[in-house]
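A quick note: this is a predicted structure, and the numbers were derived from the prediction, not measured. In the text below, chain A, chain B and the rest are named by the order of the sequence lines, each starting its count at 1.
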Amino acid sequence: MDDQTRMMTGLTGLGGLAQGDVGDPDSVRKQQSLGQPQQDIGDILQQIMAITDESLDEAQARKHALNCHRMKPALFNVLCEIKEKTVLSIRGVQEEDPPDPQIMRLDNMLLAEGVSGPEKGGGSAAAAAAAAAAGGSPTDSSIEHSDYRAKLAQIRQIYHSELEKYEQACSEFTNHVMNLLREQSRTRPISPKEIERMVAIIHRKFSSIQMQLKQSTCEAVMILRSRFLDARRKRRNFNKQATEVLNEYFYSHLSNPYPSEEAKEELAKKCGITVSQVSNWFGNKRIRYKKNIGKFQEEANLYAVKTAVDAANVSAQASQANSPATPNSGTLSCQASETDLQIERNNSSQLSW
DNA sequence: CCGTATGATTTCTA
DNA sequence: TAGAAATCATACGG
C-alpha cells in the first residue's frame, strides 16, 4: 500500500495533472472541482485506492471496468514511468555483467577435461564398452585408462543431464514468470523493460546454480584424476633403455652432472620422457650418488667403461674437447676395484658439486 | 610380505 | 628459480 500511495503522490506531480497539489491533503477535493479530464483521473485513482476494500467479486468487476477505461493506456504509461524512475532505477543499475572470470575458468577446465564440449568417440556408452572389453585383455595400464575414461564419462553424463535439467527449469520458470508478468501488466504498471530485467535476474540466479554444478563437476574430475592419473601414485619405472641413456650421461659428466636445458631436452627426447622427469632423475641421482658413492661404484665403473669404449670409437677429437672434464671417469675406473670406506670418503671430497 | 629401488613432490636455500 | 635435501608413495625382487 505504501508503494501505491507513493506512486499516486508522484503521479500528481507529473504530466501536468494538478501541479500545485503535491502532498496537499485537499487535492482530491480540489481535483473534483476541476475540468473533465482531471476529474476522470481523480475518479480512477479513487477507484484504484478503494479496490482493496471491496469484496473479491466487486474488485474483479472493478478491475475489468478500469481495464477498459479509455484513460487506462495513458495512466499505465505514466505509472510505468514513475515506477521506472523510483523503484527500478535503484536496483536496475546492476551493470550488464561481463563474462565472469570464475565461470570462464571452470568452463575452460571442463572443456580441457573433455567433460563439456563435443563428445569424443561416441561418448559414455563407448567408453563403458571399452572398459568392459579391456577386462578380457588385462594390460595393466589399459584397464586403468579405460576405467578412468568410464568414470569420466559417467561424470560427463551426470553433468550434462543436470545441466539440461537446470536449463529446462530455467526456461520453464522464465516462461512462467513472463506470462505472469504479462498477465499482470494489464492491471499493474509493468513495462516490457521490467519484464526483460526480471528475466535477466532469473537467468543470473540460474547461472549461479549452474556455476555450482560446474564447480562440483570440476572437483569430481580433479579427484578422479588424482585417483587414477597421479603419476606419484601410479609410478612407473623408466624403461631400461631410458635409464641407460640417463646413466650414460650422468657418469660421463660425473665432474659436472648438470645437463643444460638443451641437453635435458635431448635426453628427454631420447628417453621418451619429459624434461622435468629428466630434471627429477638427475636431482635424485646426484643426491643418491653423493650419499652413497660406494654403492654406485659398480655402476659407475660399468658406464665409465662404456663411455671409454665410445670415446675410443669416436676418436681423439672428442676426447680432446672433453679433456678438462673426462679425467674423472678415468680415476673412477681405477678406484672401482677398491671399495673400502676411506676411498669412498676421498671420492666424495673430490666431488666439486 | 618385507626391504630396497626409484620416480615424484615438498621444503628450504643461495 | 634451479638445485639440495627430505620425504612420500609406489614398484619390484627375493
Side-chain angles (χ1 to χ4, degrees), chain A residues 105 109 112-113 131 134-135 137-152 218-307 322 324-329 331-333 335-336 338-341 343-353:
Chain A
R105 264 217 316 279
M109 186 188 154
E113 296 296 337
S137 55
T139 318
D140 215 23
S141 65
S142 83
I143 279 188
E144 282 160 22
H145 197 65
S146 54
D147 201 13
Y148 170 79
R149 282 174 35 145
K151 286 258 168 35
L152 192 66
C218 276
E219 273 166 30
V221 171
M222 294 306 278
I223 290 166
L224 186 69
R225 276 188 81 85
S226 70
R227 280 253 311 278
F228 281 84
L229 298 183
D230 189 337
R232 185 165 164 165
R233 287 172 176 280
K234 291 284 158 194
R235 216 198 80 228
R236 302 260 82 143
N237 289 357
F238 299 154
N239 62 40
K240 218 173 157 209
Q241 182 258 338
T243 33
E244 208 147 292
V245 169
L246 293 166
N247 271 317
E248 242 166 68
Y249 187 98
F250 181 79
Y251 287 110
S252 65
H253 296 76
L254 203 50
S255 62
N256 184 37
Y258 297 87
S260 66
E261 205 54 39
E262 295 81 62
K264 282 182 194 169
E265 275 166 32
E266 172 115 21
L267 286 166
K269 208 193 283 179
K270 265 192 201 167
C271 301
I273 58 179
T274 68
V275 172
S276 67
Q277 281 178 304
V278 173
S279 300
N280 286 340
W281 190 90
F282 273 87
N284 284 324
K285 191 72 184 182
R286 278 191 302 264
I287 198 84
R288 283 161 188 169
Y289 178 85
K290 201 154 61 166
K291 261 189 175 170
N292 193 352
I293 291 174
K295 204 175 72 185
F296 288 92
Q297 278 311 310
E298 211 177 318
E299 190 179 69
N301 194 29
L302 195 83
Y303 283 100
V305 170
K306 210 177 239 182
T307 28
N322 286 343
T326 35
N328 208 338
S329 60
T331 16
L332 271 171
S333 56
Q335 290 163 355
E338 315 164 68
T339 51
D340 62 14
L341 219 73
I343 295 292
E344 279 164 29
R345 255 194 234 119
N346 286 345
N347 216 345
S348 82
S349 65
Q350 276 172 7
L351 293 172
S352 54
W353 42 277

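The phosphate of B:dA8 has OP1 or OP2 within less than 4.0 Å of a side-chain N or O from A:Gln277. Taking only side-chain nitrogens and oxygens, A:Tyr258 comes nearer than 4.0 Å to OP1 or OP2 of C:dA4. Of the side-chain N and O atoms in A:Lys291, none sit less than 4.0 angstrom from OP1 or OP2 of C:dA4.
Among all heavy-atom pairs drawn from A:Tyr289 and A:Leu254, the shortest one is OH-CD2, 3.4 Å. Here the shortest heavy-atom pairing between A:Pro259 and A:Phe282 reads CD-CD2, 3.7 Å. Of all heavy-atom pairs spanning A:Trp353 and A:Pro257, the tightest one is NE1-CD, 3.3 Å.
For A:Phe238, there are no ring-ring contact (aromatic ring centres under 6.0 Å, His included) partners two or more places apart in sequence or in a different chain.
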Report all interatomic pairs (protein N or O, nucleotide N or O of nucleotides 4-6 of chain B) with separations under 3.5 Å.
unit_1: B:dT6; atom_1: O2; unit_2: A:Arg235; atom_2: NH1; d: 2.7
unit_1: B:dT6; atom_1: O2; unit_2: A:Arg235; atom_2: NH2; d: 3.4

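If you measure from atom OH of A:Tyr289 to atom C1' of C:dA5, you get 18 Å, rounded to the nearest angstrom. Atom CH2 of A:Trp353 and atom P of C:dG3 are 13 Å apart (whole Å). When rounded to the nearest whole Å, the span between CG of A:Asn256 and P of C:dG3 equals 10 Å.
A salt bridge does not link A:Lys270 to A:Glu248: none of the charged side-chain nitrogens sits closer than 4.0 Å to a carboxylate oxygen.
The line from OG1 of A:Thr274 to CD of A:Glu265 is 11.0 Å long, rounded to the nearest 0.5 Å.
Proximity of residues 263-274 of chain A to DNA chain C (heavy atom under 4.0 angstrom from any strand atom) is restricted to A:Lys264.
The only member of A:Glu266, A:Lys264, A:Lys269 that meets side chain to side chain contact (heavy atoms under 4.5 Å, CB included) when paired with A:Val275 is A:Lys264.
With B:dA8, C:dA5, C:dG3 as the choices, the nucleotide that has an atom nearest any side-chain atom of A:Arg286 turns out to be C:dG3.
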Evaluate side chain to side chain contact (heavy atoms under 4.5 Å, CB included) for A:Trp281 paired with A:Asn247, printing each intermediate quantity in order.
CA-CA 10 Å; A:Trp281 190 90; A:Asn247 271 317; 3.4 Å; yes
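Side chains of A:Tyr303 and A:Phe250 form no contact here, defined as non-hydrogen atoms less than 4.5 Å apart.
Nucleotides of DNA chain C nearest to A:Pro259 and A:Asn284 differ in position, and the one nearer the 5' end is that of A:Pro259.
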